[in-house]
Amino acid sequence: MTIEPFERSTDPWHEVEQHVGHYGAPYFAPDIIDRAEGSYIYTEDGRKILDFTSGQMCATLGHNNPEVVQTIRTTIGRLDHLYSGMLSRPSINLCTHIAQTLPEPLNKVIPLSTGSEVNEAAIRMAKTVTGRFEVVSFSRSWHGLTQASAAATYSSARKVGVPCAPGQFAIPTPYEYRPDFTDTEGKLDWRKELDFGFDMVDAQSSGSLAACIVEPILSGGGILVPPDGYLAELKKKCHERGMLLIFDEAQTGFGRTGTWYGFQHDGVVPDILTLSKTLGGGLPLAALVTSDEIEATARERGFTFYTSHVNDPLVAAVGCTVMNVIERDNLPSKAAQKGDRLHAGLQRLVETHDIVGDARGRGLLQGIEIVKDKQGKERSAALGDLITRRCYELGLHMNIVCLPGMGGVFRIAPPLTVSDAELDDGLTILDQAISDVETGRYRD
């Protein structure tokens with residue numbers, strides 16, 4: 001029996017029910033997607049939907065960017081996949097270009113495929129270099145679902161009856177809208193919170209602290225931006241204990257926050273940097289970056305992390321194109337400008353709707369938190385779900401954080417190529433959807 005890739009059937013949802021397995025997503029979108037272009041996706045029945053998620057935050061240059069498409073067409077006829085021990089020009093050039101965009105001492109690059117995979121490699125490298133095994137991450141972290149990356153993830157998927165890697169410690173997540181530690185004015189006292197976190201780590205550690213892995217902006221945790229000075233103090237605490245600091249820039253790298261990398265806002269350079277989503281322009285591509293010293297020590301001590309698709313030339317060529325376009329079109333600066341426009345629109349929603357409690361983020365990685373009302377600040381996953389559904393009906397795809405305890409926070413991450421008009425259209429639809437839910441015109 002032959003079935004063509006885009007062949008249509010009379011009842012696709014019956015086939016989904018019969019043959020498509022569930023992998024953790026709370027639900028599938030109610031339409032079959034036929035194609036995508038720029039900031040839009042198109043359904044089989046002809047609907048045009050503005051995509052404020054860049055796919056899975058990966059379509060940095062928009063869907064099916066013409067230059068990415070041309071690179072794929074050119075490369076696939078020349079090189080697609082090679083033995084893991086072979087190098088190609090696209091792979092070498094990708095590593096070189098990444099290193100050139102980073103400050104010293106980050107200059108050694110290992111290309112891989114996905115965010116979970118590259119975080120797995122980074123944690124393994126830190127353990128190899130330090131000879132230790134304990135890992136620290138935020139209490140609202142998301143770093144992946146493979147063994148070590150899942151063990152460093154606290155926001156979801158821990159309570160499934162599967163033991164995680166030993167030696168895992170969580171520290172409190174700095175959350176200015178909902179502070180756990182406050183000063184005399186009721187504002188977040190992040191220094192006290194960070195001191196408390198590491199006091200707890202020290203109390204629980206067996207003396208084998210290897211690494212701390214964090215996102216410069218916590219995305220799955222609810223678009224949480226650490227306060228100024230926080231990451232510098234975090235690095236200091238790590239180095240005092242002989243730990244390596246890993247920054248997971250799956251969603252903050254390559255211009256999205258208004259600079260090439262999220263850590264540049266804070267002037268704090270990690271020991272190991274992991275990159276994924278935003279590098280591949282929609283294709284699976286990731287990279288681990290570290291210093292000569294750490295890479296050499298890891299190699300001497302037998303560090304091993306190769307996969308069937310390490311250094312693959314096809315996706316490396318795409319990564320080169322993505323970086324060239326970002327650089328040529330000055331997209332980090334444009335993301336900062338568009339981010340200001342987006343944030344101003346989101347802040348207006350905070351001011352005009354009682355169920356929008358907070359707007360936060362940086363560049364084109366922004367979020368709003370939906371609450372039952374501003375006075376109580378009680379987060380409302382139910383209202384968030386309704387707004388998500390209403391937005392979709394009106395032609396806007398939004399991503400609601402569905403993790404336990406974080407429901408009701410929207411992650412807004414349109415492509416870096418989004419136009420001002422598209423931003424305004426999305427904000428208009430979002431405003432209407434919130435109004436429809438808030439007034440009861442739209443309900444279950």
Side-chain angles (χ1 to χ4, degrees), residues 101-107 119 122-123 125-126 129-130 132 134-143 152 154 169-183 185 187-202 205 209-219 221-275 288-291 293-294 332 336 339 360-363 365:
T101 64
L102 286 163
E104 292 289 342
L106 298 174
N107 55 9
N119 286 337
I123 292 170
M125 178 176 280
V129 168
T130 62
R132 302 173 180 180
E134 294 172 338
V135 177
V136 174
S137 52
F138 282 135
S139 58
R140 296 183 181 272
S141 58
W142 177 281
H143 298 293
Y154 288 92
F169 305 120
I171 58 173
T173 303
Y175 194 167
E176 292 190 277
Y177 183 61
R178 300 179 181 280
D180 293 317
F181 290 75
T182 57
D183 58 20
E185 297 179 352
K187 297 180 180 179
L188 173 67
D189 188 336
W190 63 263
R191 291 183 183 276
K192 183 188 296 183
E193 181 178 67
L194 186 59
D195 287 343
F196 172 83
F198 271 87
D199 284 345
M200 294 299 293
V201 166
D202 292 339
S205 170
L209 290 167
C212 176
I213 180 169
V214 299
E215 296 173 278
I217 298 177
L218 284 84
S219 178
I223 310 297
L224 303 177
V225 183
D228 291 342
Y230 185 97
L231 294 180
E233 187 64 25
L234 176 66
K235 182 176 181 179
K236 178 181 176 183
K237 288 186 178 296
C238 288
H239 284 193
E240 286 173 349
R241 292 160 175 80
M243 305 165 66
L244 298 183
L245 177 60
I246 304 167
F247 281 165
D248 173 359
E249 294 233 19
Q251 297 186 38
T252 54
F254 300 102
R256 179 160 291 286
T257 66
T259 55
W260 267 95
Y261 302 99
F263 69 78
Q264 291 174 314
H265 292 280
D266 299 273
V268 180
V269 180
D271 300 298
I272 301 175
L273 174 67
T274 64
L275 307 166
L288 180 156
V289 193
T290 191
S291 65
E293 180 183 2
I294 290 174
R360 52 187 182 253
R362 186 175 279 157
L365 182 61

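Starting from 1, each residue takes its place in the sequence as its number.
With Ser139 contributing its side chain and Thr173 its backbone, the two residues share a donor-acceptor pair below 3.5 Å. No donor-acceptor distance shorter than 3.5 angstrom exists from the side chain of Ser141 to the backbone of Ser137, with no hydrogens or angles considered. Between the side chain of Arg360 and the main chain of Ile223, a donor-acceptor pair closer than 3.5 Å is present. The backbone N or O of Glu215 lies less than 3.5 Å from no partner atom in the side chain of Asp248, so there is not a single donor-acceptor pair.
Side-chain contact between Glu240 and Phe198 is absent, with no heavy-atom pair separated by less than 4.5 Å. Contact annotation: the side chain of Pro227 approaches that of Glu176 to within less than 4.5 Å [non-hydrogen atoms, C-beta and beyond]. The shortest distance between side-chain heavy atoms of Tyr154 and Arg140 does not fall below 4.5 Å.
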Q: Evaluate ring pair (Phe, Tyr, Trp, His ring centres under 6.0 Å) for Tyr261 paired with Phe254, printing each intermediate quantity in order.
A: CA-CA 6 Å; Tyr261 302 99; Phe254 300 102; 5.4 Å; yes
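When each of Leu245, Val268, Asp266, Val136 is tested with Leu234 by the rule side chain to side chain contact (heavy atoms under 4.5 Å, CB included), just one qualifies, namely Leu245. No option in Val135, Asp271, Leu209, Ile213 other than Asp271 meets the side chain to side chain contact (heavy atoms under 4.5 Å, CB included) test with Leu244.
A salt bridge is defined here as a Lys NZ or Arg NE, NH1 or NH2 lying under 4.0 Å from an Asp or Glu carboxylate O, and Asp195 with Lys237 meets this definition.
Checked against side-chain hydrogen bond (donor to acceptor under 3.5 Å, both in side chains), Glu249 has the following partners two or more places apart in sequence or in another chain: Thr252.
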